[in-house]
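For reference, the structure is listed below as C-alpha cells.
On a predicted model such as this, the values are computed, not experimentally measured, just so you know. Excluded from the calculations below are hydrogen atoms, water molecules and symmetry mates; all remaining heavy atoms, backbone and side chain alike, are included.
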Amino acid sequence: PHDLVPPGTRATAAWHTHGAGLPGYVNEFFSPADIGFSHYYGVDGYLGTPQGRMFEYILAEQMILPHQFLDPPRPQPIRQRGASGAGRYG
C-alpha cells in the first residue's frame, strides 16, 4: 500500500472487507493472510465483515479489537414559542 500514498507520506493502516460467507472460510474474523499483510507492510489493519462487524488489528500490540458503531446525533426540531411567532429567529 505504500506506493498508493502521496510522496512524503506513509501508510499507517489498511482496511478491507470480506465477502459473503463462503464454505471453508472464516469471514467474520481476520485471516492469517490479513495479519501477515499488516506485518509485511508494518501497518494496522481494519476489517469489515459480511455481518456488519468491524475489527481493528493493532500491529504494535498484536491485538485484535472489535469496534462498535455509535448512532450519530439526531437533529432536534426547532421549537417555536407561541402562535404569534414570538421567539422565532429573525
**Request:** Keeping the roles fixed (side chain from Asp44, backbone from Leu59), state whether a donor-acceptor pair exists under 3.5 Å.
**Result:** yes
**Message:** Same cluster or not: Ile64 versus Ile58, using hydrophobic residues (I, L, V, M, F, W, Y) connected whenever any side-chain heavy atoms lie under 4.5 Å apart?
**Reply:** no
**Request:** Apply salt bridge (Lys or Arg N to Asp or Glu O under 4.0 Å) to Glu28 and list each qualifying residue two or more places apart in sequence or on a separate chain.
**Result:** Arg53
May I have the list of side-chain donor-acceptor pairs in residues 30-39 shorter than 3.5 Å, sequence neighbours left out?
unit_1	atom_1	unit_2	atom_2	d
Ser31	OG	Ala33	N	3.3
Ser31	OG	Asp34	N	3.0
Ser31	OG	Asp34	OD1	3.3
Ser31	OG	Asp34	OD2	3.2
Asp34	OD1	His16	NE2	3.1
Asp34	OD2	His16	NE2	3.4
Asp34	OD2	His18	NE2	3.0
Asp34	OD2	Ser31	N	2.8
Ser38	OG	Val43	O	3.2
His39	NE2	Tyr57	OH	2.7

**Asked** Honestly curious: do Phe55 and Val26 fall in one hydrophobic cluster under the side-chain, below-4.5 Å linking rule?
**Response** yes
**Fill in**
On a heavy-atom basis, the closest approach of Asn27 and Pro50 is O-CD, 3.4 Å
**Request:** Examine Trp15 and Met54 and state if one hydrophobic cluster contains both, with Ile, Leu, Val, Met, Phe, Trp and Tyr joined whenever side-chain heavy atoms are less than 4.5 Å apart.
**Result:** yes
